[in-house]
Structures are given as C-alpha cells and as structure tokens.
Amino acid sequence: MDDSNYLFPIGMRILAVDHDPTCLQVLENLLQTYQYHVTTTNEGITALAMLQENKDNFDLVIIDVHIPDMDGFKLLELVGVEMNLPVIMLSACHDTKLVMKGISHGACDYLLKPVRLEELKNLWQHVIRRKNPRGVVWSVELHRKFVAAVNHLAIDKAVPKKVLNTMNVENITREDVASHLQKYRLYLKRISCIANL
DNA sequence: AGAGTAATAT
DNA sequence: CATATTACTC
C-alpha cells in the first residue's frame with residue numbers, strides 16, 4: 001500500500017502570488033498534484049483585493065517575496081495578522097535575513113525556489129494547526145517515520161530523545177514524541193494481549 | 001539540570 | 001478519541 005491515498009485536504013483552497021508567470025505555473029502544477037484548489041495571481045494588489053472581498057474563500061496563502069507592486073512582507077502582515085490566514089513565504093534567494101524576516105513577520109514557513117514537491121506535502125498541517133490548538137498532527141507519513149525510528153533503535157532503546165533524533169523531522173519536540181510513544185506502547189500492548197489469547 | 005514515563009488534563 | 005501537560009522519578 002502506498003501513501004498517496006490518505007491525504008484528507010483535497011480541495012484545500014490556496015491563493016498563490018508570484019509575479020513570475022513561469023514560477024507561478026510551476027507552483028500551481030505542484031500544488032495540483034496534491035489536488036489542492038489553487039487560485040493564482042501575479043499581482044499583490046489583486047491578491048489583496050481577492051482576500052478583502054472574502055478572506056474565507058481561502059485556507060492558505062503563498063506569497064513570493066519579490067512582487068513588484070507591493071512589499072511582500074507588507075502583504076504578509078496584512079494577510080497573516082489582520083486576516084489571520086496561514087501564510088507561506090517564497091523566494092529565490094537564500095538570504096537568511098529574509099527568511100528570518102519572513103518568520104518574524106508571521107509567516108508559517110519559508111520556502112526557497114525551486115520548490116520541491118516534497119515540501120508542499122505537509123502544507124495542510126498549517127491549516128489544521130489554525131483550527132486545532134493541538135500542534136502536531138501524526139499523519140500517516142509522520143507516524144511511519146516514527147515507527148521506522150523506533151524499529152531502527154532496538155524497541156527497548158527507543159526513548160523519546162533518540163527517536164526524535166533518528167526521525168530527523170523539524171518542528172516537533174521531544175515531548176511530542178514522548179506523548180506519541182506512550183500511545184504507541186499502549187497500542188503494542190493491546191496487540192500482544194490479543195495475540196496471546 | 002535534564003531526561004523518561006505514568007498519570008492526568010484538554 | 002488524540003495530543004498536551006503535569007508530576008514524579010532517577
């Protein structure tokens with residue numbers, strides 16, 4: 001069984017803003033492989049107008065920093081802070097300062113071009129996070145990495161910190177793993193109980 | 001201090 | 001129910 005059929009957020013509405021038509025097209029294609037519902041524009045003004053008309057029309061916004069008609073960070077603030085929508089920033093340059101500026105202005109994430117398909121896979125978690133105060137969503141994919149890590153270490157050596165390191169996943173904490181590990185052990189116990197009957 | 005885990009809270 | 005947080009131990 002592959003892992004391509006568990007993604008729930010089919011049709012999640014994304015507004016993508018990038019002044020470069022080629023990049024925009026590429027981004028749209030990537031997003032559509034996950035069956036997101038994508039709206040594109042190459043103007044910041046237009047994006048803002050669309051959002052102001054009804055911000056509930058979108059679940060997530062992706063903004064390229066370099067849009068000629070307005071400051072990308074200004075747009076980030078307007079959308080992220082005032083409209084309270086999750087915003088992903090995007091740029092071609094690997095300038096750490098820009099990345100930090102993006103994050104400090106409220107971006108959920110900061111992608112660097114070229115964007116890889118893999119990086120878009122977990123976009124929906126940003127949306128979930130808005131609706132669900134609980135931070136970590138143990139998607140099938142994430143759980144898989146967890147199980148792989150536990151198996152890689154011997155089961156009796158699988159403690160939160162080691163599992164976390166072995167998983168090599170950003171944005172989750174030792175506590176998150178500990179909590180999941182607790183649940184996983186209960187699950188294993190249940191399984192072995194049933195097996196021994 | 002920092003980590004692991006059982007218990008408890010949300 | 002799943003995940004987070006607490007409380008206790010070492």
Side-chain angles (χ1 to χ4, degrees), chain A residues 1-15 30-31 33-38 55-62 76-77 79-89 96 99-100 102-111 115-197:
Chain A
M1 197 191 298
D2 76 346
D3 60 13
S4 61
N5 60 354
Y6 65 87
L7 294 169
F8 94 89
I10 288 176
M12 188 172 86
R13 299 153 308 168
I14 299 178
L15 177 62
L30 288 172
L31 291 168
T33 66
Y34 290 121
Q35 302 186 57
Y36 295 137
H37 183 274
V38 189
K55 72 186 180 69
D56 294 326
N57 281 342
F58 300 98
D59 298 305
L60 179 116
V61 185
I62 301 179
L76 165 63
E77 276 189 7
V79 177
V81 178
E82 287 188 29
M83 299 180 173
N84 197 33
L85 281 172
V87 180
I88 311 287
M89 294 306 279
T96 313
V99 175
M100 284 173 55
I103 299 298
S104 67
H105 280 63
C108 293
D109 203 353
Y110 200 109
L111 302 177
V115 179
R116 294 172 306 116
L117 199 51
E118 182 65 24
E119 295 173 309
L120 265 16
K121 198 173 207 169
N122 297 320
L123 279 188
W124 58 275
Q125 292 202 13
H126 293 297
V127 178
I128 286 294
R129 216 164 288 197
R130 292 294 163 124
K131 297 170 178 166
N132 181 357
R134 304 178 202 287
V136 175
V137 177
W138 288 91
S139 64
V140 173
E141 178 66 14
L142 194 56
H143 180 64
R144 260 206 184 157
K145 287 185 182 170
F146 167 84
V147 174
V150 169
N151 289 338
H152 180 260
L153 305 159
I155 184 70
D156 54 318
K157 303 214 167 138
V159 292
K161 193 176 184 183
K162 286 181 188 167
V163 173
L164 178 61
N165 289 334
T166 310
M167 282 176 72
N168 194 28
V169 172
E170 298 289 310
N171 298 323
I172 64 174
T173 66
R174 192 183 65 83
E175 284 77 10
D176 293 327
V177 174
S179 175
H180 195 64
L181 186 61
Q182 184 176 16
K183 186 183 68 172
Y184 184 63
R185 284 173 174 156
L186 283 171
Y187 159 78
L188 289 181
K189 196 158 83 180
R190 259 200 355 257
I191 295 300
S192 72
C193 269
I194 291 167
N196 288 335
L197 286 181

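First the proteins, then the strands, lettered A, B, ... as listed; each starts at 1.
What separates CG of Leu186(A) from P of dT3(C) is a distance of 13 Å, to the nearest Å. Rounded to an integer number of Å, the gap from Lys183(A) NZ to dT3(C) P is 4 Å. Following rounding to the nearest Å, Leu142(A) (CG) and dA2(C) (P) show an atom-to-atom distance of 15 Å. Between the P atom of dA2(C) and the OH atom of Tyr187(A) lies a distance of 12 Å, rounded to the nearest Å. Put simply, CG on Asn171(A) is 17 Å from C1' on dA4(C), counting in whole angstrom units.
Proximity of a side-chain donor or acceptor of Tyr34(A) to a complementary backbone N or O of Leu117(A) within less than 3.5 Å is detected.
Applying the side-chain hydrogen bond (donor to acceptor under 3.5 Å, both in side chains) test to Arg13(A) and every residue at least two apart in sequence or in another chain returns Asp59(A). Under the side-chain contact (heavy atoms from CB on, under 4.5 Å) criterion, Ile172(A) pairs with Val136(A), Trp138(A), Leu164(A), Met167(A), Val169(A), Asp176(A), Val177(A), not counting sequence neighbours. For Glu175(A), the side-chain contact (heavy atoms from CB on, under 4.5 Å) partners at least two apart in sequence or on another chain are Thr173(A).
Residues Leu15(A) and Val79(A) form no side-chain contact, since every pair of their non-hydrogen atoms from C-beta on lies 4.5 Å or further apart. For the pair Leu111(A) and Leu120(A), the minimum side-chain heavy-atom distance is below 4.5 Å.
Within a 6.0 Å radius of NZ in Lys55(A), more than 12 heavy atoms belonging to other residues, nucleotides or ligands are found.
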Polar-atom pairs under 3.5 Å, protein N or O versus N or O of nucleotides 7-10 of chain C: list them with distances, or write none.
none

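Within the structure, side-chain hydrogen bond (donor to acceptor under 3.5 Å, both in side chains) pairs that include any residue of residues 180-189 of chain A comprise His143(A)-His180(A) (at least two apart or interchain).
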One character per nucleotide, please: for nucleotides 2-8 of chain B, 5' to 3', B when the base has a protein heavy atom closer than 4.0 Å, S when only the sugar-phosphate does, - otherwise.
-SBBBB-

